[in-house]
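Only one structure is covered here, and it is reproduced in the block below.
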Amino acid sequence: MVHWPHVALAGLWGGLLAVERRAFMQAMISRPLVAATGMGLLLDDVQSGLYVGMVLELFFLGGANLGAALPENDTLAATGASAAAAGLAGGMGLSTPATWSLAIISFVGLGQAGRLIDRQLERYSSRLAAKAVLEAEKGALSRAVRENLWGMWPVFVVFGLVTAACALLGSLLSPIVAGLPLRLARGLAWAYPAMACVAAAIAVRGSHARNSALYAGAAAAAVVVVVAALLASGRHL
Amino acid sequence: VNSAAIQAASLKGQRAQATVSHATLLRVFLRSLLLQASWNPQGMQNLGLAYALYPALKELYPEPEEQIAAVRRHLSFFNTHPYVAAAIVGGVLHHEERIARGEENTDRVLAFKAALMGPLAALGDGFFWLSLKPAVGAFCAALVPVLHAWAAVLFLVLYNVVHFTFRWRMFRIGLEKGDRLVEAIAKANLPRRGARLRALGAASGGALAAWLAIVFGQNEEAAWAPILAGGCLIVGAVSYWLVARRVSKYLVFYLAAALAIAAGAFL
């Protein structure tokens with residue numbers, strides 16, 4: 001069953017974060033880890049949001065907005081996937097690694113789609129800038145500089161709608177996912193740590209560190225030793 | 001004639017003391033957070049810069065013609081890193097105050113912007129986008145198994161303590177020092193700090209991959225779970241190698257997912 005207030009909340013959060021990502025402040029509230037956890041919090045499923053956000057944070061870690069180049073829209077991928085994961089879990093009454101995997105696999109591509117949308121929205125901003133120059137020439141200075149603010153509303157509306165659609169899709173798909181064979185559900189559950197390991201490897205590359213493999217390998221070896229020692233002493237993780 | 005002379009003398013007096021008030025400085029700083037609201041391929045951050053500076057320009061130039069000229073000179077092409085832009089916004093105000101006092105001509109402020117926006121963009125990109133953001137992101141993602149949702153809060157705190165402190169300090173330095181802000185930025189030694197942060201990011205990624213594989217392997221009861229857990233780590237290592245050879249990260253990601261689904265379903 002579709003929970004419409006959740007769909008609306010997902011759209012609102014998705015729209016606000018899209019504005020924060022590029023137009024206002026850039027305080028990293030729109031980073032996948034924060035954006036997806038916030039979405040989970042809003043949709044009463046923090047766990048889905050957190051674990052979807054963690055993988056997507058690592059997956060998109062190396063992307064950067066350098067000069068005129070547009071990176072993938074990691075925020076849209078995070079808000080869309082976490083909204084869908086919460087929708088799936090809400091419908092099934094259970095948040096599991098299988099639902100997180102399914103949401104990530106289905107919606108990670110929104111990063112690419114978001115970049116295309118960003119490119120289209122730049123045309124609107126170009127028109128605003130041209131209009132501002134004309135208004136400044138006429139002496140309407142307040143109006144000219146205020147054009148800057150109008151650049152935000154299409155970003156809010158478009159990305160908000162896409163995120164709301166993801167939440168809706170998650171809710172609608174939950175009965176189908178609940179009927180998946182057990183074997184497939186188990187496979188999907190195992191896809192989560194595999195994707196997390198791949199995303200971590202992509203993040204290591206994306207860290208831009210010299211000798212990144214060395215640092216990552218040493219840290220992984222240290223964790224293996226510490227965890228082995230903990231397990232040997234009878235502690236459960 | 002007398003009235004015109006008095007007006008001219010009064011204007012001259014005002015100009016000799018032209019400075020931007022503290023309240024307006026705060027307004028300019030807050031409006032500079034919207035620098036990229038209308039980012040466009042032609043002027044890039046031009047509209048955002050004019051928007052940020054407008055309250056100060058209005059205060060510095062009481063004459064409408066001068067206001068128009070001032071706004072128009074900041075509607076020209078402008079692009080830099082959004083955080084480091086605070087230094088340029090502060091520096092522009094420094095120059096505009098001097099222009100309003102008649103101590104320098106308008107070419108100086110245009111040359112200041114043109115000379116600094118490129119190098120400062122490179123510095124900001126290198127430190128914030130390519131070092132601090134990945135390092136804090138990977139570090140906090142690695143802490144998710146321990147801190148849970150608090151890892152997201154920690155991300156915001158760690159990142160923004162550096163971000164907002166830097167942004168406000170740069171604004172003040174630009175305002176006080178003008179062209180000499182370059183020396184102050186050089187003292188911050190951002191490239192060396194960035195290299196350390198990047199190493200932290202790489203180590204966090206490796207640690208998290210190992211932790212997740214082991215914990216999932218331990219929580220699964222089936223006899224083959226340790227093999228799958230080890231497989232996840234191997235898939236991670238192979239992925240690193242493939243991505244380093246410019247294989248699409250999406251392809252690697254989906255291949256790993258397909259492999260894990262098949263292994264999990266049929267083993």
Side-chain angles (χ1 to χ4, degrees), chain A residues 22-28 31 33-34 37 46 50 54 57-58 61 64 66 68 105 122 125-126 128-129 132-133 136 139 141 145 147-149 151-152 183-184 186-188 190-191 193-198 200-209 212 215-217 219-220 223-224 227 237, chain B residues 33-34 36-43 47-48 50-51 54 67-68 71-72 75 82 125 129-130 134 137-138 141 144 149 152 155-156 159-160 198-199 201-203 205-216 218 228 232 235-236 239-240 243-244 249 252-253 256-257 260-261 264-265:
Chain A
R22 184 132 185 225
F24 176 63
M25 206 160 64
Q26 291 97 35
M28 299 297 133
R31 283 301 300 166
L33 181 61
V34 183
T37 306
V46 180
L50 181 63
M54 185 189 77
E57 179 67 43
L58 296 169
L61 197 79
L66 304 176
I105 290 168
E122 279 177 0
S125 295
S126 293
L128 286 179
V133 172
L141 294 181
V145 296
E147 295 293 346
N148 186 48
L149 302 178
M152 291 188 284
R183 270 175 178 274
L184 187 56
R186 203 172 56 200
L188 279 169
W190 267 103
M195 288 193 296
C197 285
V198 173
I202 292 168
V204 172
R205 277 297 299 168
S207 70
H208 307 284
S212 57
Y215 291 122
V223 166
V224 169
V227 171
L237 298 172
Chain B
L33 300 178
L34 286 153
Q36 302 208 117
S38 284
W39 193 97
N40 61 90
Q42 286 78 35
L47 195 46
Y51 175 79
Y54 183 60
Q67 263 182 37
I68 293 171
V71 169
R72 284 190 63 189
L75 275 173
D125 287 343
W129 287 174
L130 302 178
V144 164
F155 180 108
L156 287 179
Y159 187 87
N160 286 309
R198 290 194 286 273
L208 179 63
W211 175 271
L212 282 173
I214 295 171
V215 169
F216 263 79
Q218 200 215 358
L228 275 184
C232 286
V235 163
S239 305
Y240 178 89
V243 173
K249 65 178 182 180
V252 175
F253 195 68
I261 290 170

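The analysis underlying the following values was restricted to heavy atoms, covering all of them including side chains, and did not include hydrogens, waters or symmetry mates. Order of the sequence lines sets the chain letters (A, B, ...), proteins ahead of strands, with each chain counted from 1. Not measured: the values here are computed from a predicted model.
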Tell me every residue that passes salt bridge (Lys or Arg N to Asp or Glu O under 4.0 Å) with A:Arg183, counting only those two or more places apart in sequence or in another chain.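 With neighbours one apart ignored, the set is empty.
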Can you sort out the partners of A:Arg205 under salt bridge (Lys or Arg N to Asp or Glu O under 4.0 Å), two or more places apart, ordered by chain and number?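 A:Arg205 satisfies salt bridge (Lys or Arg N to Asp or Glu O under 4.0 Å) with no other residue.
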Could you check which of [options] has the highest count of heavy-atom pairs closer than 4.5 Å to chain A?
{"options": "B:Gly206, B:Ala37, B:Ala257, B:Gly43", "result": "B:Ala37"}
{"options": "B:Ala265, B:Ala260, B:Gly236, B:Ala256", "result": "B:Ala265"}
{"options": "B:Ala50, B:Ala203, B:Gly201", "result": "B:Ala203"}
{"options": "B:Gln42, B:Arg72, B:Lys249", "result": "B:Lys249"}
{"options": "B:Pro82, B:Ala138, B:Pro41", "result": "B:Pro41"}
{"options": "B:Ala207, B:Ala210, B:Gly205", "result": "B:Ala207"}

Select one option (side chain, backbone, both, neither) describing which atoms of [X] are under 4.5 Å from chain B's heavy atoms.
{"X": "A:Ser126", "answer": "both"}
{"X": "A:Ala136", "answer": "both"}
{"X": "A:Arg31", "answer": "side chain"}
{"X": "A:Val34", "answer": "both"}
{"X": "A:Ile105", "answer": "both"}

Which atom names give the shortest non-hydrogen contact between A:Arg22 and B:Gln36, and what distance separates them?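 Nearest pair, atom of A:Arg22 first, then B:Gln36: O-CB, 3.1 Å.
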Provide the closest heavy-atom pair for B:Ala141 versus A:Leu33 in the form atom of the first, atom of the second, distance.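 Taking every non-hydrogen atom into account, N-CD2, 4.0 Å.
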Given that the side chain runs from C-beta out, which part of B:Phe253 has a heavy atom under 4.5 Å from chain A: side chain, backbone, both or neither?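 Its backbone and side chain both get close to chain A.
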Measure distances from B:Leu208 to the heavy atoms of chain A and classify the residue's part below 4.5 Å as side chain, backbone, both or neither.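 For B:Leu208, the contact with chain A is made by the side chain alone.
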Between the side chain of A:Asn148 and the main-chain N/O of B:Leu34, is any donor-acceptor distance below 3.5 Å?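 Looks like yes, one N/O pair under 3.5 Å.
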Look only at the side chain of B:Asp125 and the backbone of A:Leu66, and say whether a donor-acceptor pair between them is shorter than 3.5 Å.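 A pair under 3.5 Å: no.
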Among [options], which residue has the highest count of heavy-atom pairs closer than 4.5 Å to chain B?
{"options": "A:Ala194, A:Ala200, A:Pro193, A:Ala64", "value": "A:Pro193"}
{"options": "A:Leu184, A:Val46, A:Ile202", "value": "A:Ile202"}
{"options": "A:Ala129, A:Ser212, A:Ala27", "value": "A:Ala27"}
{"options": "A:Ala201, A:Ala132, A:Ala196", "value": "A:Ala201"}
{"options": "A:Ser207, A:Ala203, A:Gly151", "value": "A:Ser207"}
{"options": "A:Leu141, A:Val223, A:Val224", "value": "A:Leu141"}

Within-4.5 Å side-chain heavy-atom neighbours: [X] and [Y]:
{"X": "A:Val204", "Y": "B:Val243", "answer": "no"}
{"X": "A:Met54", "Y": "B:Leu212", "answer": "yes"}
{"X": "A:Glu57", "Y": "B:Phe155", "answer": "yes"}

Calculate, to the nearest 0.5 Å, the distance between atoms NE2 and CH2 belonging to A:His208 and B:Trp129 respectively.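 So the gap between those two atoms works out to 12.5 Å.
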With rounding to the nearest 0.5 angstrom, report the CE to SG distance, A:Met195 to B:Cys232.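 Here the interatomic distance stands at 10.5 Å.
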Given side chain to side chain contact (heavy atoms under 4.5 Å, CB included), test B:Val144 with A:Leu50 step by step and report yes or no. CA-CA 8 Å; B:Val144 164; A:Leu50 181 63; 3.8 Å; yes
